[in-house]
**Q** 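The structure that follows is given in the form of structure tokens.
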Amino acid sequence: MRLSKSLIPTLKETPAEAQIVSHRLMLRAGMVRQMASGIYAWLPLGQRVLAKIAQIVREEQDAAGAEEVLMPTIQSADLWRESGRYDAYGKEMLRITDRHERELLFGPTNEEMITAIMRDSIKSYRELPQIPYHIQWKFRDEVRPRFGVLRGREFLMKDAYSFDLDREGAVVAYKKMMLAYMRTFQRIGITAIPMRADTGQIGGDLSHEFHVLAPTGESGVFYDAAFEAGDATSATDIEAFYEQMTTIYAATDEKHDLAAWDKIPAERKREGRGIEVGQIFYFGTKYSEAMNFAVTGPDGQKFFPEMGSYGIGVSRLVGAIIEAKHDEAGIIWPDAIAPFKAAILNLRQGDATTDALCEKIYASFGNEALYDDREERAGAKFAEADLLGHPWQIIIGPRGAVNGMVELKRRATGERFELPVEEALAKVRG
RNA sequence: CGGAGCGUAGCGCAGCCUGGUAGCGCAUCAGUCUGGGGGACUGGGGGUCGUGGGUUCGAAUCCCGCCGCUCCGACCA
């Protein structure tokens with residue numbers, strides 16, 4: 001993309017309503033625009049990040065054996081009456097009436113709908129297990145939306161639902177998802193820690209929340225430094241991995257256990273703040289039973305499949321990542337989800353040699369680099385690139401250009417390299 | 001849902017108390033200079049002052065209603 005032609009409306013001044021750093025930076029970087037309380041439009045930069053996160057989530061869900069579907073945002077009230085949650089959910093549910101006076105709602109989650117779909121489709125235990133998932137917008141009419149996309153009313157969520165023959169199978173699905181989640185967060189480039197959790201609205205008896213460590217998190221978290229050494233992407237034994245994740249100490253302040261905490265050696269104790277970006281539940285036959293989703297078992301008898309559900313707040317992750325990865329100058333995107341691999345900074349727009357070299361480099365990246373071709377001074381371009389947080393800045397000025405040299409800056413560390421063009425490009429491509 | 005505020009140019013704000021020509025900075029447009037950390041100068045454009053009513057000769061300003069948004073607290077992917 002050429003910056004001069006992109007819809008990236010950056011701001012020098014911080015809009016008054018933004019209190020938290022990720023919200024300020026998202027507005028200043030032109031990633032989102034607020035359209036109503038807790039409702040955001042995603043502009044190109046934000047949309048790119050959202051899409052990159054979603055793609056990693058998708059790849060890891062697929063790898064865990066889940067299968068992508070796409071359910072609607074609007075649901076029928078009748079579906080929710082079946083589970084009994086239509087009344088139970090309360091004012092957080094956005095209720096809608098159509099022209100025929102039929103009662104609809106904007107889905108806050110999809111347990112009912114997916115259970116109804118499975119009920120229509122799955123008749124035999126031979127067709128289990130199944131883990132359908134989708135990445136779709138949800139709406140929860142929060143009492144007080146705040147912190148930008150961290151607590152919006154409309155948000156993008158990946159939700160998966162597991163259906164198994166028995167509890168044992170459901171626990172296997174649960175463990176697979178635990179691994180998939182840890183792999184997902186690791187690939188994205190953030191530290192997330194699974195913590196035992198309450199099951200809340202969804203119900204059930206086994207649940208973990210995943211918290212991204214960030215100084216501005218809403219919950220206090222306590223954990224054993226052993227988590228920092230974990231490597232989910234190279235874990236091969238799910239059982240061992242799950243065992244490790246669930247035995248190392250980690251708790252939010254609500255569930256903090258001082259007795260257990262005191263047994264951890266002082267040098268391994270870590271206290272911080274966390275932002276919840278995912279939660280997984282095992283809840284047995286709560287919904288299959290309520291909605292009469294029965295399947296014929298090996299013995300010819302009907303049984304209710306054992307279920308779990310697994311959510312990742314995709315749009316919330318964008319905010320959480322910024323909370324965890326920024327400095328005074330702006331955002332510092334992890335490589336895997338950066339909207340662009342690099343910014344190309346033309347420091348002398350209009351100088352034939354510089355322009356030509358910039359164009360050549362830009363062409364070699366296609367859509368993966370943002371070319372700052374504006375008529376701006378060097379300082380403005382540096383500041384803008386730092387704000388937008390590209391992992392690399394390829395800085396091209398007239399002095400270097402005549403010798404085929406460019407300067408490379410690594411956003412995260414501030415390191416700079418003077419390199420011949422090809423070497424610089426190779427470094428950016430990793 | 002309790003409490004507190006705020007709506008004036010794209011953004012940040014002043015003006016309101018004490019009614020009388022709607023202002024400042026940034027951004028934007030044109031031009032000149034400048035050219036490695038948000039540069040300078042000159043000139044220009046941009047406003048139903050959230051909205052409806054009331055008081056008044058006259059309302060951004062005073063009064064009432066409504067709408068929107070934010071913050072603090074209780075609740076939550």
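By convention in this document, chain letters (A, B, ...) are assigned in the order of the sequence lines, proteins followed by strands, and residues within each chain are numbered from 1.
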**Q** Got a second to check how far A:Y89's OH is from A:R95's CZ, nearest 0.5 Å?
**A**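 So the OH of A:Y89 and the CZ of A:R95 are separated by 10.5 Å.
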**Q** Looking at the side chain of A:E375, which of B:G38, B:C75, B:G35 is the nearest nucleotide?
**A**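 Output: B:G35.
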**Q** Looking at every strand, decide which applies to A:E407 at a 4.0 Å heavy-atom threshold: base, sugar-phosphate, or nothing.
**A**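 A:E407: base contact, heavy atoms under 4.0 Å.
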**Q** Which part of the nucleic acid, if any, lies within contact of A:R28, taking any heavy atom under 4.0 Å across all strands shown: a base, the sugar-phosphate backbone alone, or nothing?
**A**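 Answer is base: heavy atoms of A:R28 come under 4.0 Å of a base.
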**Q** Between protein and nucleotides 1-3 of chain B, what N or O pairs are separated by less than 3.5 Å?
**A**
unit_1 : atom_1 : unit_2 : atom_2 : d
B:C1   : OP1    : A:K91  : NZ     : 2.6

**Q** Using a heavy-atom cut-off of 4.0 Å across all strands, would you classify A:G350 as base, sugar-phosphate, or nothing?
**A**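 The residue A:G350 makes no contact with any strand.
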**Q** Watson-Crick or G-U wobble partner for B:C69, using a 3.5 Å limit on both distances?
**A**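 In the structure as shown, B:C69 has B:G5 as its Watson-Crick or wobble partner.
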**Q** Heavy atoms under 4.0 Å, any strand shown: does A:G311 hit a base, just sugar-phosphate, or nothing?
**A**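 Nothing, no heavy atom under 4.0 Å.
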**Q** I'd like a list of close polar pairs between nucleotides 39-44 of chain B and the protein, N/O only, cut-off under 3.5 Å.
**A**
unit_1 : atom_1 : unit_2 : atom_2 : d
B:G39  : N9     : A:R377 : NE     : 3.4
B:G39  : N7     : A:R377 : NE     : 3.4

**Q** I need the single residue from A:R429, A:R410, A:K52 that forms a salt bridge (Lys or Arg N to Asp or Glu O under 4.0 Å) with A:D335. Which is it?
**A**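 Exactly one option meets the salt bridge (Lys or Arg N to Asp or Glu O under 4.0 Å) with A:D335, and it is A:R410.
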**Q** Do the side chain of A:T353 and the main chain of A:V402 share a donor and acceptor less than 3.5 angstrom apart?
**A**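 No, because the side chain of A:T353 does not come within donor-acceptor range (under 3.5 Å) of the backbone of A:V402.
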**Q** I need the CD1-P distance between A:I39 and B:C69, as an integer number of Å.
**A**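 Checked: the CD1 to P distance equals 8 Å.
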**Q** Could you tell me how far apart A:E142 (CD) and B:C69 (P) are, to the nearest whole angstrom?
**A**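 These atoms are roughly 15 Å apart.
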**Q** Taking the six-membered ring of A:F365, is the NZ or CZ of A:K341 close enough (under 6.0 Å from the centre) and on axis enough (within 45°)?
**A**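 No.
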**Q** At 4.0 Å (heavy atoms only), tell me whether A:T14 reaches a base, stays on the sugar-phosphate, or touches nothing.
**A**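 If one applies the 4.0 Å heavy-atom cut-off, A:T14 turns out to touch the sugar-phosphate alone, with no base involved.
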**Q** In whole Å, I'd like the distance from the CD atom of A:E17 to the C1' atom of B:C13.
**A**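 About 14 Å, once rounded to whole Å.
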**Q** Given B:C75, B:G38, B:A77, identify the nucleotide with an atom nearest to the side chain of A:L387.
**A**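 Of the options given, the side chain of A:L387 lies nearest B:G38.
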**Q** Let me know, please, whether A:P15 or A:P145 comes out on the 5' side of the other along RNA chain B by nearest nucleotide.
**A**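 So the residue in question is A:P15.
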**Q** Side chain to side chain contact (heavy atoms under 4.5 Å, CB included) with A:R187: which of A:V57, A:I337, A:I56?
**A**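 Only one option passes, and that is A:I56.
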**Q** Verify the neighbour count for atom CZ of A:R399: are there more than 12 heavy atoms of other residues, nucleotides or ligands below 6.0 Å?
**A**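 Atom CZ in A:R399 is not packed in, count stays at 12 or less.
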**Q** Can a side-chain donor-acceptor contact be found between A:E384 and A:T10 if the only test is distance below 3.5 angstrom?
**A**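 On atom types as modelled, these side chains qualify, holding a pair under 3.5 Å.
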**Q** Examine A:R81 relative to A:Y86 and say whether NZ or CZ is less than 6.0 Å from the centre of the six-membered ring and inside a 45° cone about the ring axis.
**A**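 Positive - A:R81 is close enough to the ring of A:Y86 and near enough to its axis.
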**Q** Please give, in whole Å, the distance from B:C75 P to A:M93 CE?
**A**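 Result: 21 Å.
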**Q** Atom CG of A:D351 and atom C1' of B:U34: how far apart are they, to the nearest Å?
**A**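 My rounded result for the distance is 15 Å.
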**Q** From C-beta outward on A:R374, which listed nucleotide comes closest to its side chain: B:C26, B:G38, B:U70?
**A**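 So the nucleotide nearest the side chain must be B:G38.
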**Q** A:Q34 near the nucleic acid: base, sugar-phosphate alone, or nothing, with a heavy-atom cut-off under 4.0 Å?
**A**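 Sugar-phosphate contact only - A:Q34 comes under 4.0 Å of backbone atoms but never of a base.
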**Q** Kindly state whether the pair A:F382 / B:G38 counts as stacked, where counting means centroids closer than 5.5 Å and planes tilted less than 30° apart.
**A**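 Check failed, A:F382 does not stack on base of B:G38.
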**Q** Using Watson-Crick or G-U wobble geometry with both distances below 3.5 Å, tell me the partner of B:C62, or none.
**A**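 Base-paired to B:G54.
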**Q** Can you check the A:F147 CZ to B:U70 C1' distance for me, whole Å?
**A**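 Interatomic distance, CZ of A:F147 to C1' of B:U70: 12 Å.
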**Q** Do A:E142 side-chain atoms and A:R144 backbone N/O form a donor-acceptor pair below 3.5 Å?
**A**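 Flag not set: sc A:E142 to bb A:R144 has no pair under 3.5 Å.
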**Q** So what does A:K158 touch, heavy atoms closer than 4.0 Å: a base, only the sugar-phosphate, or nothing?
**A**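 The answer is nothing, as A:K158 stays clear of every strand by at least 4.0 Å.
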**Q** Is A:R411 positioned over the aromatic face of A:W392, cation under 6.0 angstrom from the ring centre and no more than 45 degrees off axis?
**A**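 Verdict for A:W392: no cation-pi partner in A:R411.
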**Q** Determine the contact category for A:A378: base if any of its heavy atoms lies under 4.0 Å from a base atom, sugar-phosphate if only primed atoms, P, OP1 or OP2 are that close, otherwise nothing.
**A**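 Sugar-phosphate contact only.
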**Q** Provide, to the nearest angstrom, the distance between the CZ atom belonging to A:R146 and the C1' atom belonging to B:A77.
**A**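 In whole Å, B:A77 C1' lies 15 Å from A:R146 CZ.
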**Q** Need to verify one output field. Residue with the more 5' nearest nucleotide on RNA chain B, A:R33 or A:P398?
**A**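 Nearest nucleotide further toward 5': that of A:R33.
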**Q** With a 3.5 angstrom cut-off on both distances, give the Watson-Crick or G-U wobble partner of B:C16, or none if there isn't one.
**A**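 Pairing partner, where one exists within any strand: none, as none qualifies.
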**Q** So which nucleotide does B:A22 pair with, by the Watson-Crick or G-U wobble rule with both distances under 3.5 Å?
**A**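 Across all strands, not a single nucleotide pairs with B:A22.
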**Q** Side chain to side chain contact (heavy atoms under 4.5 Å, CB included) with A:L128: which of A:D166, A:D164, A:I122?
**A**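 Among A:D166, A:D164, A:I122, the one that satisfies the side chain to side chain contact (heavy atoms under 4.5 Å, CB included) with A:L128 is A:I122.
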**Q** Atom CG of A:N346 and atom C1' of B:G35: how far apart are they, to the nearest Å?
**A**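 Going from CG in A:N346 over to C1' in B:G35 covers 12 Å.
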**Q** Counting Watson-Crick and G-U wobble pairs only, both distances under 3.5 Å, name the nucleotide matched with B:G43, or none.
**A**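 Base-paired to B:C29.
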**Q** Side chains of A:Q186 and A:R183: do they bring a donor and an acceptor to under 3.5 Å?
**A**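 A:R183 and A:Q186 do not have a side-chain donor-acceptor pair below 3.5 Å.
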**Q** Base, sugar-phosphate or nothing for A:D386? Non-hydrogen atoms, less than 4.0 Å.
**A**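 A:D386: base contact, heavy atoms under 4.0 Å.
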**Q** P atom, B:C72 versus B:U48: distance in rounded Å?
**A**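 To the nearest whole Å, 32 Å.
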